[in-house]
Amino acid sequence: MLDNLTQRLAKVVKTMRGEARLTETNTAEMLREVRLALLEADVALPAVREFIANVKQKALGEEVIASLTPGQALVGVVQRELASLMGADLGPEASQLNFATQPPAIILMAGLQGAGKTTTVGKLAKYLREQKKKKVLTVSTDVYRPAAIGQLQTVTEQVGADFFPSLTTDKPVDIALAALDFAKRHYHDVLIIDTAGRLGIDEAMMHEITAVHAAVKPIETLFVVDAMLGQDAINTAKAFNDALPLTGIVLTKLDGDARGGAALSVRHITGKPIKFAGVGEKLDGLEAFDPSRMANRILG
Ligand code: GDP
């Protein structure tokens, strides 16, 4: 069992007894524990470094040094800084989807194969229909995997949304445009476009999704990423962030036991809000992302 961060810091604080203030030395010792906790939570190294540098700067500032219990004050700085990086300062609106456009509002889903895109489309369609009273159409541009198109049809029908069938002989851009035309003619409020994902970053895939993006100009482009992804999350996020103007992140599989360091890596790279958390395979397993809860989870 890993010690959680508060336990770890408590041990360091014990050895500090009698030291009433944070000094370079005892702060460094505590920050080493924070660093280890973040690495164990699978946060990528560049994100860990930036985080530690920020905390150090704040810890050595007036507020903590003047504090009566510097050990606890440092834990507070770490928690606040992490929550802020997770998006706590962005306010609850940050997790809302943007509908400020002529209908249909288009949501484009991006991410690796297996990240949870299709499942998330089903969850979003259910949420938008039931909570927001929207008329939703879904379409898949995954012409390489007929099974993926079938899977989207199944989840769409399960939640009572409309499904636009696509032919694997058509081009992804043409499929997206045909679905958009259909959505306009049938007065859908929202069109969700599921896209093909590869097992790793692939130039052809990026080119294709960039072309779909350019053709339909979605108001939301959501990067779907598996919370279990670990260190690789940073490279995947970078590739998608470079290729597309992302508007938000969906972090899936948070019902698993991953500490979710991927959240910090992805925020570090994209700076975009994490809008939703996937918390199960079922179609009701979607929650608004909670930055403070995520910060506590990463710290263990
Ligand atoms: P895609 O290839 O990106 O479209 O991914 P899928 O939607 O097909 O999901 C891949 C696998 O992850 C499936 O077995 C899903 O049931 C599962 N999955 C997706 N989201 C979640 C989640 O939030 N929690 C759990 N436990 N499993 C999920």
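Ligands are counted one by one from 1 in listed order, and the atoms in each one are counted from 1 as well. Predicted model, so just to flag it, every value in this text is computed and none were measured.
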Tell me whether ligand 1 is touched by [X] - counting only heavy atoms on the residue side and a distance under 4.0 Å.
{"X": "A115", "answer": "yes"}
{"X": "G280", "answer": "yes"}
{"X": "G114", "answer": "yes"}

Which ligand 1 atoms does [X] reach within 4.0 Å, using its non-hydrogen atoms?
{"X": "K117", "value": "1 (P), 3 (O), 4 (O), 5 (O), 7 (O)"}
{"X": "Q151", "value": "6 (P), 7 (O), 8 (O)"}
{"X": "G278", "value": "23 (O)"}
{"X": "L112", "value": "3 (O)"}
{"X": "V279", "value": "23 (O)"}

Is there a side-chain contact between F223 and V266, using heavy atoms and a 4.5 Å cut-off? yes
For the pair R198 (side chain) and L112 (backbone), establish whether a donor and an acceptor sit closer than 3.5 Å, ignoring hydrogens and angles. no
Under 6.0 Å from the ring centre and within 45 degrees of the ring axis: does the NZ or CZ of K134 meet both conditions for the six-membered ring of F99? yes
With heavy atoms and a 4.0 Å threshold, my read on which part of D255 contacts ligand 1 is side chain
Which part of M109 is near ligand 1, with near meaning a heavy atom under 4.0 Å away: side chain, backbone, both or neither? neither
Relative to atom 12 (O) of ligand 1, which among K123, E287, K253, R145 owns the nearest non-hydrogen atom? K253
Considering only the protein, which heavy-atom contact is closest to [atom], and what is its distance?
{"atom": "atom 27 (N) of ligand 1", "answer": "E281 CG, 3.3 Å"}
{"atom": "atom 5 (O) of ligand 1", "answer": "G116 N, 3.0 Å"}
{"atom": "atom 15 (C) of ligand 1", "answer": "T119 OG1, 3.6 Å"}

CG on L31 to CG on L38, rounded to 0.5 Å: 10.0 Å
N/O of Q113 under 3.5 Å from N/O of ligand 1, yes or no? no
